[in-house]
Amino acid sequence: MIKMISKTFSALIIVFTAISCNVSKQDEVNSKLNNFTETLNPELRENVWKIKVVEKNGNLVLQGETDHPEWKKELLEQLQPENITDEIILLPDSTVGEKTMGLINLSVANLRYKPNHSAEMATQAWLGTPVKILKKQDDWFLVQTPDKYISWVDGDGIELISEIQFTHWKNADKIIFTGEDQSVYNTENSEIPVSDITMGNILEKVDESQSFFNVKFPDGRSGFVSKKNWVDFNRFKNEIIPDTLTIHNMAIKLTGRPYFWGGTSNRAMDCSGFIKVIYFMNGLILARDASLQTKYGELIDIEPQYSPIQTGDLLFFGRKETENQPEKVTHVALSLGGTEYIHASGRIKQNSFNPESYIYSEYRKNSFVRARRIIGNNTREGIVAIKEHPWY
């Protein structure tokens with residue numbers, strides 16, 4: 001009896017020792033993973049990096065997903081001495097298949113942070129926008145838009161295409177709508193609408209008559225649009241150059257449009273969405289959020305009295321950095337030159353840094369963080385000319 005108790009006790013000690021060693025090793029690997037991630041510092045709005053360490057049948061396993069094979073390779077090299085099993089999924093994953101690209105199929109598609117219609121709006125994408133497909137869940141697709149932003153779109157908002165089809169689309173004759181709103185009809189007599197159209201929408205041009213274009217949608221639907229306010233897309237992307245007058249006039253034209261969280265169309269938009277609309281229609285793709293946009297462009301000295309600030313410069317607002325708390329940019333506006341600016345705040349409206357102006361905002365003046373210049377800086381990171389983007 002004593003021998004049996006002794007053997008059982010010894011066995012328990014071995015088990016507890018093994019568990020303790022495994023827990024200790026898991027803690028060590030977790031520490032290395034955390035250090036790697038902290039050094040990598042991935043922007044999770046623009047990259048997928050969800051990696052964890054789990055214990056599985058007595059072994060340590062790396063699980064999760066990423067869209068960066070080079071990051072995965074580097075992590076595995078650093079953890080190689082630990083003899084860990086790799087179960088990290090590389091995106092696009094097997095749910096995608098051969099159709100790794102897509103084209104937005106609605107005039108304005110709503111993209112969300114989670115794959116359901118009640119989830120928070122992340123952004124929007126316009127008809128004809130190319131996106132990269134990362135994975136599928138039910139009838140939702142995790143996609144990356146040309147500005148690198150990652151979010152979910154439902155199946156009705158997108159048409160999946162293969163690399164061959166994508167190459168065909170890039171080489172096809174396309175037109176872009178530069179007006180505000182229009183409709184595509186089933187005949188030149190404008191009888192039954194096929195779809196609505198809004199600023200920035202891109203369609204394939206099949207044919208044309210004196211007054212109409214015959215166009216094709218990503219899903220194969222076809223119809224007719226009046227030629228007014230449509231421009232050849234190749235000419236648009238290759239010839240358009242942002243200038244202060246055009247940007248000023250376009251911004252003023254949007255005055256009064258409602259603020260809409262996640263909105264990036266000319267119908268309704270949030271603060272950074274307003275900036276994106278203006279600059280895309282002037283040939284440049286900017287980052288999605290204000291806190292991302294504030295990283296790019298030429299830093300402008302605002303002294304004396306805001307005089308160096310020019311029309312088209314971006315003005316950023318939020319919480320300034322102190323000894324006790326980090327900076328937090330929460331808002332962006334478009335300068336109209338000097339002390340005047342226009343932004344999406346409740347609606348598209350103008351305000352001023354000048355205390356003597358009737359549109360003066362003390363709140364905005366006190367929360368002003370910095371100004372950055374976009375015009376003339378499209379060779380910098382985070383400011384991409386449409387003509388230079390590989391998806392266009």
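Contacts classified as side-chain hydrogen bond (donor to acceptor under 3.5 Å, both in side chains) and involving residues 240-258 (residues at least two apart or in different chains) are given here: E180-R257, D243-T246. Residue pairs satisfying the side-chain hydrogen bond (donor to acceptor under 3.5 Å, both in side chains) criterion with at least one member in residues 168-177, sequence neighbours excluded, are absent.
Residue I164 shares its hydrophobic cluster (ILVMFWY side chains chained together at separations under 4.5 Å) with no other residue. If you chain together ILVMFWY residues whose side-chain heavy atoms come under 4.5 Å of each other, F212 ends up grouped with F224. In the hydrophobic clustering, F213 connects to L127, I175, F177, V184, V194, I197, L203, V215, F217, V225, W230, either directly or through intervening members, whenever side-chain heavy atoms lie under 4.5 Å apart.
Residues that satisfy the salt bridge (Lys or Arg N to Asp or Glu O under 4.0 Å) test with R370, not counting sequence neighbours, are E327.
In this structure, a donor-acceptor pair under 3.5 Å is absent between the side chains of N377 and Y296. Side-chain N/O atoms of R288 and T145 include no donor and acceptor closer than 3.5 Å. Under 3.5 Å, the side chains of W49 and T37 contain a donor-acceptor pair of N or O atoms.
Two rings, from F274 and Y259, have their centers 6.0 Å or more apart. For Y341 and Y306, the ring centers are positioned 6.0 Å apart or more.
A parallel orientation is assigned to the rings of F233 and F236, their planes being inclined by less than 30° (bins at 30° and 60°). Using the six-membered ring where Trp is involved, H68 and W71 have ring planes that are parallel, under 30° apart on the 30 and 60° scheme.
E87 has its side chain out of reach of V54: every pair of non-hydrogen atoms, C-beta onward, lies at least 4.5 Å apart. The shortest side-chain heavy-atom distance between I161 and P218 does not fall under the 4.5 Å cut-off. Residues L75 and L40 fail the side-chain proximity criterion, which asks for heavy atoms closer than 4.5 Å.
Within 6.0 Å of atom NZ in K32, more than 12 heavy atoms from other residues, nucleotides or ligands are found, so the atom counts as buried in its surroundings.
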(request) Take D232 and K205, measure what salt bridge (Lys or Arg N to Asp or Glu O under 4.0 Å) needs, and give me the verdict at the end. (result) CA-CA 9 Å; D232 178 82; K205 184 180 74 172; 5.2 Å; no

(request) Show your working on side-chain hydrogen bond (donor to acceptor under 3.5 Å, both in side chains) between R372 and T294 and close with a plain yes or no. (result) CA-CA 7 Å; R372 286 194 179 273; T294 194; 4.6 Å; no

